[in-house]
Amino acid sequence: MTEALVGFFTGVLASMGLGGGFILIVWLTMFAETEQKAAQGVNVLFFLPIALIALIMHLKNGLVNKALVKRCALGGIIGAILGTLGSQIVAGGLLRKLFALFLLAFGLREMFSKAKPEMSDNDADKTDSKKNGTAE
Amino acid sequence: MKNFFEGTLCGFLNGFFGSGGGVIAVPIFEREGCSPQEAHASSVAFIFMLSLVTAVFYGFSGALDFGAAWSFIPWGAAGAITGALFLKKIKAQWLKRLFGAIITAAAVRMLLS
């Protein structure tokens with residue numbers, strides 16, 4: 001039952017790139033006595049089919065900026081190799097503390113994030129007071 | 001070489017922590033001119049690619065537990081379909097704040113334990 005809930009909400013957030021993996025890793029390490037490294041491995045495996053499903057739907061909706069993804073690809077792959085190797089070198093306890101700091105930074109950023117203009121294509125019905133102010 | 005270093009940063013963090021590349025990629029993609037929806041969707045494409053690389057390297061070191069992952073995947077798939085269907089409609093702000101608060105609490109607990 002718990003696995004169903006954890007899996008579902010991880011899937012929802014992961015399909016949007018909102019940090020779903022954090023739920024799964026936190027749950028595995030806090031409540032299912034999984035080592036940090038093993039939990040990270042589970043999340044990566046979990047993410048692949050989940051992302052594939054979401055990706056197919058996002059592609060169909062024409063939401064993927066392919067040119068931008070391509071521009072990031074080479075650096076991304078090199079970074080992924082270095083990061084993965086790095087995680088294998090670092091001791092599990094230290095990795096967990098670093099992960100906690102990463103979570104803390106993310107959690108605080110999300111808590112205090114300002115509302116952005118809504119992410120929808122029917123913006124017409126929610127025109128804000130700042131109509132002309134293209135701020136930033 | 002535009003976006004090379006942004007890509008490297010996402011890749012490194014996603015590989016190191018086995019998660020979280022998306023939360024770095026989304027703001028970068030928005031800064032590159034994507035709409036929020038487009039940034040979220042594109043980050044999934046990008047992180048999928050990074051996770052393939054990471055999975056291969058985790059696999060070499062024997063750190064992959066397929067059984068454990070499998071017990072979550074059907075539920076996760078249902079969540080992914082739900083999430084992808086509602087990406088166009090969702091009002092993410094309150095969700096983000098709530099999720100941020102939960103994650104912050106978890107982080108503090110981890111740091112103190």
Side-chain angles (χ1 to χ4, degrees), chain A residues 3-4 7-12 15-17 19 21-22 25-26 37-38 40-51 53-55 57-58 63-65 68-69 71-72 74-84 86-88 99-100 102-104 106-108 110-111 113 115-116 119, chain B residues 2-8 10-12 14-19 22-23 26 32 34 36-38 40-46 48 50-51 53-55 57-58 61 63-65 68-69 71-73 75-80 82-84 87 93 96-97 99-101 103-104 106-107 110-111:
Chain A
E3 287 182 355
F8 183 80
F9 285 110
T10 301
V12 170
S15 71
M16 304 187 216
F22 296 155
I25 294 177
V26 166
K37 279 180 197 175
Q40 293 185 186
V42 169
N43 184 56
V44 170
L45 280 180
F46 168 88
F47 183 70
L48 290 174
I50 286 2
I53 293 169
L55 183 55
M57 296 173 77
H58 293 328
L63 287 171
V64 177
N65 185 332
L68 179 57
V69 173
R71 286 209 305 272
C72 293
L74 179 63
I77 289 167
I78 293 170
I81 294 170
L82 294 176
T84 308
S87 75
Q88 302 304 312
F99 181 70
F102 185 47
L103 287 188
L104 188 65
F106 165 75
L108 291 174
E110 295 298 282
M111 268 168 79
S113 67
K116 295 213 180 89
M119 43 200 277
Chain B
K2 202 179 169 234
N3 301 126
F4 179 85
F5 290 106
E6 288 97 330
T8 311
C10 295
F12 184 85
N14 199 64
F16 195 75
F17 293 122
S19 58
V23 305
V26 168
E32 292 293 319
C34 288
Q37 286 176 11
E38 208 187 1
H40 287 282
S42 304
S43 84
V44 174
F46 183 46
F48 176 71
L50 300 182
S51 295
V53 176
T54 297
F57 277 79
Y58 276 3
S61 62
L64 291 180
D65 183 346
S71 57
F72 295 97
I73 285 173
W75 309 107
T82 312
L87 178 58
Q93 199 55 33
K96 286 174 78 172
R97 292 231 172 93
F99 185 49
I103 291 297
T104 303
M110 268 185 212
L111 284 170

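Note on naming: letters A, B, ... go to the chains in the order of the sequence lines (proteins, then strands), and numbering restarts at 1 for each one. Just so you know, these numbers come straight off a predicted model, no measurement behind them.
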> Checking A/F46 against chain B: side chain, backbone, both or neither under 4.5 Å from a heavy atom?
Replying inline: both
> Could you give the distance from CZ (A/F47) to OG (A/S15), rounded to the nearest 0.5 Å?
Replying inline: 9.0 Å
> Which bit of B/C34 is near chain A, if near means a heavy-atom gap under 4.5 Å: side chain, backbone, both or neither?
Replying inline: side chain
> Of the backbone (N, CA, C, O) and the side chain (C-beta and beyond), which part of A/I53 lies under 4.5 Å from a heavy atom of chain B, both, or neither?
Replying inline: side chain
>> Is B/F99 close to chain A through its backbone or its side chain, or both, or neither, when contacts mean heavy atoms under 4.5 Å?
In response: side chain
>> At a 4.5 Å cut-off on heavy atoms, which part of B/V53 comes close to chain A: side chain, backbone, both, or neither?
In response: side chain
>> Quick check on the interface: out of B/F72, B/F57, B/F4, B/F46, who has the most heavy-atom pairs with chain A under 4.5 Å?
In response: B/F72
> Can you tell me how far the CG atom of A/L48 sits from the CG atom of A/L55, to the nearest 0.5 Å?
Replying inline: 11.5 Å
>> Classify the ring geometry of A/F22 against A/F99: parallel below 30°, tilted from 30° to 60°, perpendicular beyond 60°.
In response: perpendicular
> Measuring heavy-atom distances to chain A, does B/E32 have an atom under 4.5 Å in its side chain, in its backbone, in both, or in neither?
Replying inline: side chain
> What's the shortest heavy-atom distance between B/A41 and A/V64, and which atoms?
Replying inline: O-CG2, 4.1 Å
> So which part of B/T8 gets closer than 4.5 Å to some heavy atom of chain A, the side chain, the backbone, both or neither?
Replying inline: both
> Do you know which of A/N65, A/V69, A/L104 has the most heavy-atom pairs under 4.5 Å to chain B?
Replying inline: A/N65
>> Can you list everything that forms a salt bridge (Lys or Arg N to Asp or Glu O under 4.0 Å) with B/E6? Sequence neighbours excluded, please.
In response: none
>> Tell me which of these, B/A106, B/G22, B/S51, has more heavy-atom pairs under 4.5 Å with chain A than the rest.
In response: B/S51
>> Tell me every residue that passes ring-ring contact (aromatic ring centres under 6.0 Å, His included) with B/F12, counting only those two or more places apart in sequence or in another chain.
In response: B/F16
> So, for B/M110 and A/A100, which heavy atoms are closest and what is the spacing to 0.1 Å?
Replying inline: CB-CB, 3.7 Å
